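I have placed the structure first, in the form of structure tokens, so that the comments after it can refer back to it.
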Amino acid sequence: MSAAVSRAIARFPFLRQDFAASLVVFLVALPLCVGVAVASGVPAELGLVTGIVGGIVTGLLPGSSLQVSGPAAGLTVLVFEAVREFGLPALGVLVLATGVLQLAMGALRLGRWFRAISVSVVEGMLAGIGLVIIAGQLYAAAGLKAPASGIDKITGLPGALADALAGSRAPASLAVGAGTVAVLVLWPRLPRRVRAVPGALAAVLLAALAARLLDLPVATVRVQGLLDAVQPPGAEAFGELASPALYGTVAAFALIASAESLFSAAAVDRLHDGPRTRYDKELMAQGAGNAVCGLLGALPMTAVIVRSSANVRAGARTKASRVLHGVWLLVFAALLPSALALIPLPALAGILVHAGWKLIPFRQLASLWRGHRGEAVILVVTAVSIVVVNMFEGVLIGLALSVAKTAWDASHAKLEVVDKGAGPVQAYLSGNATFLRLPRILDSLEALPQDRPVELHLAGLHHLDHACRTALENWAERHSAAGTEPVRLSTEPARLPAPPG
């Protein structure tokens, strides 16, 4: 063994494991990069560009050692709407601004705060995205154009299915899409040797082979070349920054991409016993990757749990595996771009239908409903809001509902009344008295007798907000009838009388 090889092994002791894992991740990422790009309404090559940047640029930066970044199904709906509203040339500006915002958030050490976002909101967000992806890709599988809004996609499905079955080309297209989903579902049940090939890649290859051999009338991916697809934003695109609507889209990109990446990092950390994620640095790594993607006019990136878990399961030990997977994507895009033209579009639609289904957290919803019904309601409301309204506003509705629930839970107040039949009526208010609980507190206090002295003890309160204090003082002033001793408010420590023995 030469000295150079020995030095390389000493410097990269896990190179063999990382090399093998990188090939697995590359094979998993390839069809997903292309599928997400096509579903987002942009050239297929731009999905590969984002995968390349996610591997080589983000992969080299500190943060999380084993999670893999690239174009994600979770941003498909938002990207499609942004391209439809602002145009493809403005996509680079949007993604660049998203990257800059993520870099700023990471520099301000806000990465760790994303862990404070309600899990129900995040899962509801993913469920809503999954529903819209499934509905939209069912149109694509039939070779039809999907409606713009999420609710129209779902309500229009029966009519679209009837139109598709009446046509001559749609049945073959639907069959390819359904076959792709069937392969993806059955693939994990096959022998381990067969499963060495990732299911998504196998499904695409089988679909392409069937379409070729049977001469099926299905549309395939349009190829325009890597250099032609990459179009850095020009001066006109940067002029879109004058539009206030663009900043809402940037905020949505940054919020969703950052939350998905950092939640993915937490999930990946549970899969291995190596170095833990440094959240602020990972957020900056994602921002740097998105800034580069924006300069190239490509799709936004996030850390993707499917590729990341495949990386860990394949035996990766260091970040070299994710960097090498980006290299393999670059080699493929440079040497074999024409191979993309063999991929049937309904096969990519099938892959995204399967991916959208996996985004819907059925088990988590059932578990929440049994133990925390309020959280389950937040999840469902967030998902439905995304389908009915749009992505950004749906997430804001979920966050607002989560904050309101937390405030309600935190404002628990208890009022106990002790009336011995003679002497003053004693009321003991404890807990957190806020305006949220004020109506119930006042209803209980106003039910106390007005012709007897009343003592209200407030020493048991942990928190008394201004609205409650003012309301209690006003009640005390007007409660007692004429000739009766006024209500006495006490903040002195007091104990409830012991129950009679």
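Source: prediction; values computed, not measured.
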Sidechain-backbone polar pair: W187 side chain, A202 backbone, donor-acceptor under 3.5 Å: no

Considering non-hydrogen atoms only, spot the tightest contact between R322 and L61 and give its length. NH2-O, 3.2 Å

Mark yes when over 12 heavy atoms from residues, nucleotides or ligands other than K281 sit less than 6.0 Å from its NZ; otherwise mark no. no

K153 versus A135, closest heavy-atom pair with distance: CB-CB, 3.8 Å

Smallest separation among heavy atoms of A140 and A349, with atom names: CB-CB, 4.0 Å

Do side-chain atoms of R373 reach the backbone of L368 as a donor and acceptor pair under 3.5 angstrom? no

Do the side chain of S385 and the main chain of V381 share a donor and acceptor less than 3.5 angstrom apart? yes

I'd like to check L345 versus V218 (side-chain heavy atoms, cut-off strictly below 4.5 Å). Are they in contact? no

Is there a side-chain contact between V79 and L299 (heavy atoms, below 4.5 Å)? yes

Answer yes or no: is there a side-chain heavy-atom contact under 4.5 Å between V204 and I351? yes

Tell me, do M105 and S258 make a side-chain contact under 4.5 Å, heavy atoms counted? yes

Shortest non-hydrogen contact from G156 to Y139? C-OH, 3.0 Å

Between V176 and A207 the two heavy atoms that sit nearest each other are CG1-CB, 4.0 Å

Between the main-chain N or O of V268 and the side-chain N or O of S308, is there a donor-acceptor pair closer than 3.5 Å? no

Within a strict 4.5 Å, meaning less than it, do heavy atoms of the R278 and P62 side chains meet? yes

Take the angle between the ring planes of F19 and W328 and call it parallel below 30°, perpendicular above 60°, tilted in between. perpendicular

